[in-house]
Enquirer: 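Sharing a structure, written as structure tokens. Questions coming.
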2 protein chains.
Amino acid sequence: MMTPAQRYERFLTDLKASGVRLTEQRKVIVKVLAEARDHPNADELYHRAYVLDGSVSLSTVYRTLRLLEDHGAIQRHDFDAGRARFENADTDHHDHLIDVDTGQVIEFRSERIEKLQAEIAAELGFDIVRHKLELYGRKRG
Amino acid sequence: MMTPAQRYERFLTDLKASGVRLTEQRKVIVKVLAEARDHPNADELYHRAYVLDGSVSLSTVYRTLRLLEDHGAIQRHDFDAGRARFENADTDHHDHLIDVDTGQVIEFRSERIEKLQAEIAAELGFDIVRHKLELYGRKRG
DNA sequence: ACGCAATTGCAAATCATTCGCAAATCAGTT
DNA sequence: AACTGATTTGCGAATGATTTGCAATTGCGT
Ligand SMILES: [Mn+2]
Ligand SMILES: [Mn+2]
Ligand SMILES: [Zn+2]
Ligand SMILES: [Zn+2]
């Protein structure tokens, strides 16, 4: 498991390798992403970055998110229609259970489900490129 | 399995029972929905309805879709972020495999996956309210 | 330190969907 | 069949998230 600091360095190395400039704004946004333990949306990331550096704009947050997503460094989710949510992509693959009452996002991983999905796709003559599994649930009374 | 004509009658009965007016526009939109075998978006439904009755507007399509969704008569999907897609909800529950090259949507149902999902949620202390399972795949070479 | 292409912030543009409102139309009641 | 009033409609404007144009700024190789 990577530490936030390790993730931060990895992001910077990634960006440098991809030939783009290491601007102050990008460093700050990347730092916020590296430290996030939840699944923040663009506006939340903007606010967290703005506290660290008032020269960060929402536009640049969006541009940086797209940049990192295209490089596979972060992942975009559309849990609730409307606002996209992000998380860094260095962790192992996992799926999500969303508490419909609180909005809390719980991560889980099931080998059996992953395998079943591949089997189903194979039966239909397909190879899976990616998939989306989201459970929306309520805490047991 | 219901025929389009049966679905159409069911939609109308549903609407009548819910106390709303059976306007010409609603009848046309509902007819288009009843006959749809794919997963059309609001704009596609609008065009199909407009051909049958030029007095249908996109606004009314959106309003009717919301009405039917609130009554559980149709289901909304967010396959690709951006545009919602719809299908009538009288069929059995199923999940979707989307061909990433053609956009074709293939329906499937797996008892094992449905059951596994419930087990996973239960282990985490939750009851599933609804879920989203979408496989994005490519035809085997 | 210099030079210039890449990047930024800001405001305006997009795109799907919703909303306000005056005009039209259902669906009962004479 | 005409009357009536609340519901529904089409239109255009508003919304909210995200993208984009552009002039000003800045990273970075020289
Ligand atoms: Mn996650
Ligand atoms: Mn379907
Ligand atoms: Zn998975
Ligand atoms: Zn399912």
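Below, all heavy atoms of this structure are taken into account, side chains as well, without hydrogens, waters or symmetry copies. Note on naming: letters A, B, ... go to the chains in the order of the sequence lines (proteins, then strands), and numbering restarts at 1 for each one.
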Enquirer: Heavy-atom count around B:R109 CZ within 6.0 Å, excluding the residue itself: above 12?
Expert: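 Correct, the count exceeds 12.
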Enquirer: To the nearest angstrom, how far is A:K27 atom NZ from C:dT7 atom C1'?
Expert: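 Nearest whole value for this atom pair: 14 Å.
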Enquirer: For the side chain of A:L58, starting at C-beta, report the closest nucleotide among D:dT18, D:dC11, C:dC10.
Expert: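 Nearest nucleotide to the side chain: D:dT18.
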Enquirer: Whole angstrom is fine here: how far is it from CZ in B:R66 over to P in C:dC19?
Expert: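 Nearest whole value for this atom pair: 7 Å.
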Enquirer: Output the single nucleotide from C:dA11, D:dC11, D:dT18 whose closest atom is nearest the side chain of A:A84.
Expert: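 Looking only at side-chain atoms, A:A84 lies closest to D:dT18.
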Enquirer: Measuring only between side-chain heavy atoms, which start at C-beta, is A:L22 closer than 4.5 Å to A:K27?
Expert: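 A side-chain contact exists here, since the closest heavy-atom pair is under 4.5 Å.
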Enquirer: Would you say the side-chain atoms of B:E87 and B:H94 include a donor-acceptor pair closer than 3.5 Å?
Expert: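 B:H94 and B:E87 do have a side-chain donor-acceptor pair below 3.5 Å.
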Enquirer: Given 3.5 Å as the limit, does a donor-acceptor pair link the side chain of B:D14 with the main chain of B:H71, or not?
Expert: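 Flag not set: sc B:D14 to bb B:H71 has no pair under 3.5 Å.
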Enquirer: Taking the cut-offs as 6.0 angstrom to the six-membered ring centre and 45 degrees off its axis, would you call B:R85 and B:F79 a cation-pi pair?
Expert: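 No.
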Enquirer: Measuring centre to centre across the rings, with the benzene-like ring taken for any Trp, is B:H96 within less than 6.0 Å of A:H131?
Expert: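 Between A:H131 and B:H96, which both carry aromatic rings, the centre distance is not below 6.0 Å.
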Enquirer: What is the distance, to the nearest angstrom, from the OH atom on A:Y46 to the C1' atom on D:dT18?
Expert: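 Answer to the nearest Å: 15 Å.
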Enquirer: How many whole angstroms separate atom CG of A:L12 from atom C1' of D:dG27?
Expert: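 Distance check: A:L12 CG to D:dG27 C1' gives 14 Å.
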Enquirer: May I ask you to verify if any side-chain N or O of A:Y62 is less than 4.0 angstrom from the OP1 or OP2 atom of D:dT18?
Expert: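 It does, given that an N or O in the side chain of A:Y62 lies less than 4.0 Å from OP1 or OP2 of D:dT18.
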Enquirer: When you measure from the side chain of A:R63, which nucleotide among C:dT18, D:dG21, D:dT9 comes out closest?
Expert: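 Shortest atom-to-atom distance from the side chain points to D:dG21.
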Enquirer: Evaluate whether atom CG of B:D101 has more than 12 neighbouring non-hydrogen atoms of other residues, nucleotides or ligands under 6.0 angstrom away.
Expert: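 Result for CG/B:D101: enclosed.
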Enquirer: Sugar-phosphate means primed atoms, P, OP1 and OP2; the rest is base. With that split, encode nucleotides 25-30 of chain C 5' to 3' as B, S or - using protein heavy atoms under 4.0 Å.
Expert: BBS---
Enquirer: If you count heavy atoms of other groups shown closer than 6.0 angstrom to CZ of B:R140, is the number above 12?
Expert: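 Check passes, neighbour count above 12.
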Enquirer: Can you list, in residue-number order, the parts of residues 28-45 of chain B that come under 4.0 Å of DNA chain D, counting heavy atoms only?
Expert: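 Close to the strand, none.
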Enquirer: With no hydrogens and no angle check, do the side chains of B:E134 and B:Y136 hold a donor and an acceptor under 3.5 Å apart?
Expert: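 Yes, side-chain donor-acceptor contact under 3.5 Å.
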Enquirer: Write out a two-atom table: protein N or O, nucleotide N or O from nucleotides 1-3 of chain D, distance below 3.5 Å.
Expert:
none

Enquirer: Rounding to an integer number of Å, can you tell me how far A:R76 CZ sits from D:dT18 C1'?
Expert: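 Roughly 9 Å, once rounded to whole Å.
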Enquirer: Would you mind telling me which residue lines up with the more 5' stretch of DNA chain C, B:F86 or A:R26, judged by nearest nucleotide?
Expert: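 Residue closer to the 5' terminus by nearest nucleotide: A:R26.
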Enquirer: Check for me whether B:R76 meets the cation-pi criterion with B:F86, that is, NZ or CZ under 6.0 Å from the six-membered ring centre and within 45 degrees of the ring axis.
Expert: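 So B:R76 doesn't make the cation-pi contact.
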Enquirer: If you define the side chain from C-beta out and look only at heavy atoms, does anything of B:L45 sit under 4.5 Å from B:I29?
Expert: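 The answer is no; the side chains never approach within 4.5 Å.
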Enquirer: Find the distance B:L65:CG to D:dT9:P and express it as a whole number of Å.
Expert: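 So the CG-P distance, B:L65 to D:dT9, works out to 12 Å.
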